[in-house]
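Just so we're on the same page: letters track the sequence lines, and every chain starts at 1.
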Amino acid sequence: MDIYQLLRIESVKAFDELFHHQIEEDQIQIEQTSADHEGDLTLVVFPLLRFSRKSPVETANLLGKKLQEVSEFVENYKVIKGFLNLQIAQIYWLNHLSSLLKHDNIQVKTNPKPLTYLIEYSSPNTNKPLHLGHIRNNLIGHSVSEILLARGHEVIKANLINDRGIHICKSMVGWLKAGQGKTPETTGQKGDHFVGDYYVLFDQLYKKEMEQLIKNGSSAEDAEKKAPIMLEAQQILKLWEKNDDETRRIWTEMNSWVYQGFEKTYRRMGVSFDKVYYESDTYLLGKKLVKEGLEKGLFFSREDQSIWVDLQPDGLDEKLLIRPDGTSVYMTQDLGTAQLKHDDFCPDQSIYIVGNEQEYHFKVLRLILKKLGKSYADAIKHLSYGMVDLPEGKMKSREGTVVDADDLMDEMKQTALDYINESGKSTPMEESEKVALCEIVGLAALKFFILKTDVKKRMVFNPEESIDFQGHTGPFVQYTFARINSILEKSKISNVRELIFDFDFELEIIEMDLLKKLYYFNDAIAEAEREMDPSQLANYIYQLAKLYNRFYHDLPILKEVSANKKYFRLQMSFVVSRLIEYFMNLLGIQVPKRM
RNA sequence: GGUCCCGUAGCUCAGCUGGAUAGAGCAACAGCCUUCUAAGCUGUGGGUCGAAGGUUCGAAUCCUUCCGGGAUCGCCA
């Protein structure tokens with residue numbers, strides 16, 4: 001039982017004895033005492049006044065006195081206005097530290113009701129390389145999966161690859177026109193970048209054709225539809241859906257190039273999947289579902305053979321499900337994928353990690369599945385994260401303002417290398433170790449920067465100002481870990497956990513602060529789970545590292561003359577390093593033993 | 001126009017299931033390395049929490065209106 005629960009139970013009992021009124025446990029409001037006041041935990045008495053029928057100060061004083069008498073751990077109390085500040089006995093926090101030391105690994109309090117989660121994230125298109133937006137998506141997806149696993153749930157990490165559709169046809173047209181049989185092998189280019197270049201080329205040619213058409217008197221709208229290169233792309237899409245051999249062959253080959261590129265990026269980023277879905281496999285099932293819906297009269301068709309669903313009764317609009325030429329759209333294939341996910345894993349919660357610009361899409365997806373009578377519609381949850389914007393606004397591939405994922409990771413590593421070279425680090429290091437370290441540190445800076453912000457919020461990335469390596473950053477937390485590791489190594493004690501010593505001293509304030517912070521690590525994980533928000537972890541572990549650094553600065557550890565104090569400090573250091581490693585791993589960040 | 005999201009220090013963000021004098025980092029300035037790793041520590045300045053009402057013992061937090069920014073309402077995904 002945690003201290004909150006314990007105090008609530010004792011408070012209810014004490015209140016009844018004092019004021020002869022039985023209150024509910026959840027009416028007892030307990031929070032951590034703010035830093036400016038004495039005490040560890042604060043009981044807010046305002047909500048209890050109508051039952052005590054006494055003034056705030058009087059109520060708080062009576063309750064405090066009673067708690068001090070009856071509670072094993074309430075050592076003292078102080079009343080300020082309507083706030084009853086309780087001082088908890090040191091032994092309580094120390095016991096918690098001991099319990100952390102008992103196990104080899106960090107023991108997380110698991111959720112009493114474990115569920116099966118299917119987490120879809122990443123979901124790239126196969127026509128261009130990954131960019132900064134995908135990085136946020138991947139990091140959130142990976143971390144949320146780790147958090148849910150830590151809390152005892154079953155998790156299936158799924159990737160849905162948008163490998164078909166008009167976008168990939170555009171790259172194909174670009175390559176057919178200008179590729180001259182080149183491949184990533186012959187050019188030495190990473191496969192996803194190679195294909196992406198032809199997508200860009202397509203867009204350039206398309207624009208030229210439109211300009212020409214407009215010059216010849218077409219309206220802009222007409223030009224958009226009738227540019228020959230666009231018609232070509234549409235023709236390829238149709239051929240593709242008809243299983244045309246040659247089209248399929250080129251498509252397969254170009255996609256395989258992209259996958260090889262993605263694989264490298266994923267591996268470097270440290271993300272992985274248990275299951276990969278391809279839209280080329282799911283869109284037919286989607287079409288089937290649409291036809292069923294049409295037969296049941298849930299959907300309707302137009303003269304041009306297109307199929308629609310009318311969502312006006314639900315306050316939305318009509319939505320296209322099948323194009324006039326019989327090809328499927330985004331929604332069609334998502335219907336199929338949703339069905340397949342359910343058939344494969346029957347998850348309690350099917351989470352989609354997708355940007356908030358697609359909120360409408362998921363609203364519609366759920367509605368349509370409900371109309372089709374699918375029970376799993378309610379299990380679908382869109383984890384809608386905020387876009388990563390540049391200072392000027394949205395990233396736009398056409399304006400070349402997209403921040404490429406591979407480039408960005410390279411830059412972060414280089415910045416770390418520059419930093420280490422300029423700072424004249426005292427730690428002597430082989431060149432190869434230095435490079436490996438900077439990879440880890442650079443990625444940590446990037447990942448922490450992205451994950452420390454609330455997932456729901458839009459965030460701004462300024463490419464001009466490189467991401468910091470000092471202060472509220474990943475490297476700061478890593479550095480704390482490396483420092484502790486260094487101390488533990490120098491202590492020459494093989495197992496710090498097993499040290500036995502007497503508690504014959506008073507704790508310093510900073511030691512007390514650290515100890516209390518350690519106590520709350522489970523709250524951070526539980527909150528991260530509840531909100532599906534890794535930033536809770538990033539902020540907790542930063543605060544812990546910050547406290548530790550002050551402790552490290554202010555107090556001697558190895559040089560402490562009292563063996564008892566020294567052992568205590570070593571053990572606390574050890575636990576802090578364990579927590580840092582654990583939390584950082586939940587965030588998908590590695591920690592170096594020295595830096 | 002309809003729906004939804006966001007406005008907290010110069011910048012990037014915490015705090016938001018209502019609680020005490022609103023916190024960090026960066027940037028600026030001033031200190032601390034013969035002492036366990038200075039990617040660290042300490043200090044200074046910097047705020048009408050977008051605005052106005054309302055609910056409440058108490059509002060950055062909840063409600064309403066307004067202002068400002070963004071997303072979406074595609075036969076793109």
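Among the protein residues, A/P47 comes within range of the nucleic acid bases, having at least one heavy atom under 4.0 Å from a base atom. As judged by a 4.0 angstrom heavy-atom cut-off over every strand, A/V44 is placed among the base-contacting residues. No contact: A/N127 has no heavy atom under 4.0 Å from any strand. Using a 4.0 Å heavy-atom cutoff across all strands shown, A/L555 reaches at least one base atom of the nucleic acid. As judged by a 4.0 angstrom heavy-atom cut-off over every strand, A/M387 is placed among residues making no nucleic acid contact. Here A/F476 lies in heavy-atom contact (under 4.0 Å) with sugar-phosphate atoms only. Nucleic acid contact for A/N462: none, since no nucleic acid atom lies under 4.0 Å from a heavy atom of the residue.
The existence of a salt bridge linking A/R458 and A/D389 is confirmed by a sub-4.0 Å separation between a basic side-chain nitrogen and an acidic carboxylate oxygen. We find that A/K517 and A/D513 are not joined by a salt bridge, their nearest charged nitrogen and carboxylate oxygen being 4.0 Å or further apart.
With both ends at atom C1', the span from B/U48 to B/A9 equals 13 Å, rounded to whole Å. Rounded to whole Å, the separation between the P atoms of B/A28 and B/G69 comes to 31 Å. Nucleotides B/G40 and B/G25 are separated by 14 Å at their C1' atoms, to the nearest Å. Distance check on atom P: B/G19 versus B/A59 gives 11 Å, rounded to whole Å. Rounded to whole Å, the P atom of B/C4 lies 16 Å from the corresponding atom of B/C62. Taking the C1' atom of each, B/A14 and B/U56 are spaced 26 Å apart, rounded to whole Å. The same atom, C1', is picked in B/A27 and in B/G58; the two are 36 Å apart, to the nearest Å. Taking the C1' atom of each, B/C26 and B/G18 are spaced 31 Å apart, rounded to whole Å.
The six-membered or imidazole ring of A/Y283 lies near that of A/W240, with a centre-to-centre distance under 6.0 Å. Taking the six-membered ring wherever Trp is involved, the centroid distance between the rings of A/Y77 and A/F83 does not fall below 6.0 Å. Ring centroids of A/Y540 and A/F583 are separated by less than 6.0 Å, placing the two rings close together.
Distances were taken from every side-chain heavy atom of A/T453 (C-beta onward) to each of B/A14, B/A39, B/G19; the shortest belongs to B/A14. Picking from B/U37, B/A20, B/U12 the nucleotide with the shortest atom distance to the side chain of A/K490 gives B/U37. The side chain of A/D554 sits closest to B/C41 out of B/C41, B/A39, B/G15. Closest approach to the A/F83 side chain among B/G19, B/G40, B/C16 is made by B/G19 (side chain taken as heavy atoms from C-beta onward). Among the nucleotides B/C13, B/C26, B/G40, the one closest to the side chain of A/M459 is B/C13. Comparing atom distances between the A/E359 side chain and each of B/A14, B/C4, B/U37 picks out B/C4 as nearest. In this structure, of B/A39, B/A38, B/G7, it is B/A39 that holds the atom nearest to the side chain of A/P475. Of all nucleotides listed (B/G40, B/G19, B/A39), B/A39 comes nearest to the side chain of A/M595. The side chain of A/Y479 has B/A38 as its nearest neighbour among B/A20, B/G19, B/A38. Distances from the side chain of A/N549 to the nucleotides B/G19, B/C41, B/A39 place B/C41 closest.
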Practice task
Could you summarise the pairing of RNA chain B as dot-bracket text, marking Watson-Crick and G-U pairs under 3.5 Å with ( ) or [ ] inside the strand and | across strands?
Solution key: (((((((..((((.....[...)))).(((((.......))))).....(((((..]....))))))))))))....
Please list every donor-acceptor pair under 3.5 Å in which a side-chain atom of residues 159-167 of chain A meets a protein atom from a residue at least two apart or in another chain.
from   : atom 1 : to     : atom 2 : distance (Å)
A/N159 : OD1    : A/S123 : N      : 2.9
A/N159 : ND2    : A/Y266 : OH     : 3.2
A/N162 : ND2    : A/S123 : O      : 3.3
A/N162 : ND2    : A/P124 : O      : 3.4
A/N162 : ND2    : A/N125 : OD1    : 2.9
A/D163 : OD1    : A/E279 : N      : 3.3
A/D163 : OD1    : A/S280 : N      : 2.9
A/D163 : OD2    : A/S280 : OG     : 2.5
A/R164 : NE     : A/Q333 : OE1    : 3.0
A/R164 : NH1    : A/E241 : OE2    : 2.8
A/R164 : NH2    : A/S328 : O      : 3.3
A/R164 : NH2    : A/S328 : OG     : 3.2
A/R164 : NH2    : A/Q333 : OE1    : 3.3
A/H167 : NE2    : A/N162 : O      : 3.1

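Rounded to a whole Å, the CZ atom of A/F449 is 11 Å from the P atom of B/A14. A/D468 has its CG atom 6 Å from the P atom of B/A27, to the nearest Å. One atom, NZ of A/K546, and another, C1' of B/A39, lie 14 Å apart when rounded to the nearest Å. Per the geometry, NZ belonging to A/K492 stands 12 Å off C1' belonging to B/C36, to the nearest Å.
The local environment of NZ in A/K78 is sparse, with at most 12 non-hydrogen atoms from other residues, nucleotides or ligands closer than 6.0 Å.
Under 4.0 angstrom from either OP1 or OP2 of B/G15 there lies at least one side-chain N or O belonging to A/Q536. The shortest distance between the side-chain N/O atoms of A/K81 and the OP1/OP2 oxygens of B/U21 is below 4.0 Å. Between B/G7 and A/K457, a contact under 4.0 Å exists linking OP1 or OP2 to a side-chain N or O. Close to B/U37, at under 4.0 Å from its OP1 or OP2, lies a side-chain N or O of A/S486. Between A/R550 and the phosphate of B/U42, there is a side-chain N or O to OP1/OP2 separation shorter than 4.0 Å.
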Completion exercise
Protein-proximity profile, nucleotides 72-77 of chain B, B/S/- by nucleotide at the 4.0 Å heavy-atom cutoff, equals SS-BSB
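Using cut-offs of 30° and 60° for the angle between ring planes, the A/F449 and A/F461 rings count as perpendicular. Ring planes of A/F469 and A/Y419: parallel class, angle under 30° (limits at 30 and 60°).
A/T327 and A/R323 share a donor-acceptor pair across their side chains, judged by distance under 3.5 Å alone.
When side chains are defined from C-beta on, A/L555 counts as touching A/E508, because their heavy atoms get closer than 4.5 Å.
Applying the 90° criterion around 0 to the glycosidic angle, B/C33 comes out syn.
A/Y385 does not carry A/K457 over the face of its six-membered ring by the limits of under 6.0 Å from the centre and within 45° of the normal.
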Practice task
Apply the test salt bridge (Lys or Arg N to Asp or Glu O under 4.0 Å) to residues A/R594 and A/E489: give CA-CA distance (whole Å), side-chain angles for both, the deciding distance (0.1 Å), then the verdict.
Solution key: CA-CA 11 Å; A/R594 53 187 205 146; A/E489 273 180 11; over 6 Å; no
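In this pair, A/Y542 does not lay its aromatic ring on the base of B/A24; centres under 5.5 Å and planes under 30 degrees do not both hold.
Nearest-nucleotide assignment on RNA chain B puts the 5′-proximal partner with A/K363, out of A/A416 and A/K363. Of the two residues near RNA chain B, A/Y552 and A/E527, the one whose nearest nucleotide lies more 5' is A/E527.
In this model, a side-chain donor or acceptor of A/Q29 finds a partner on the base of B/G19 within 3.5 Å. A donor and an acceptor atom sit less than 3.5 Å apart, one in the side chain of A/T42 and one in the base of B/A20.
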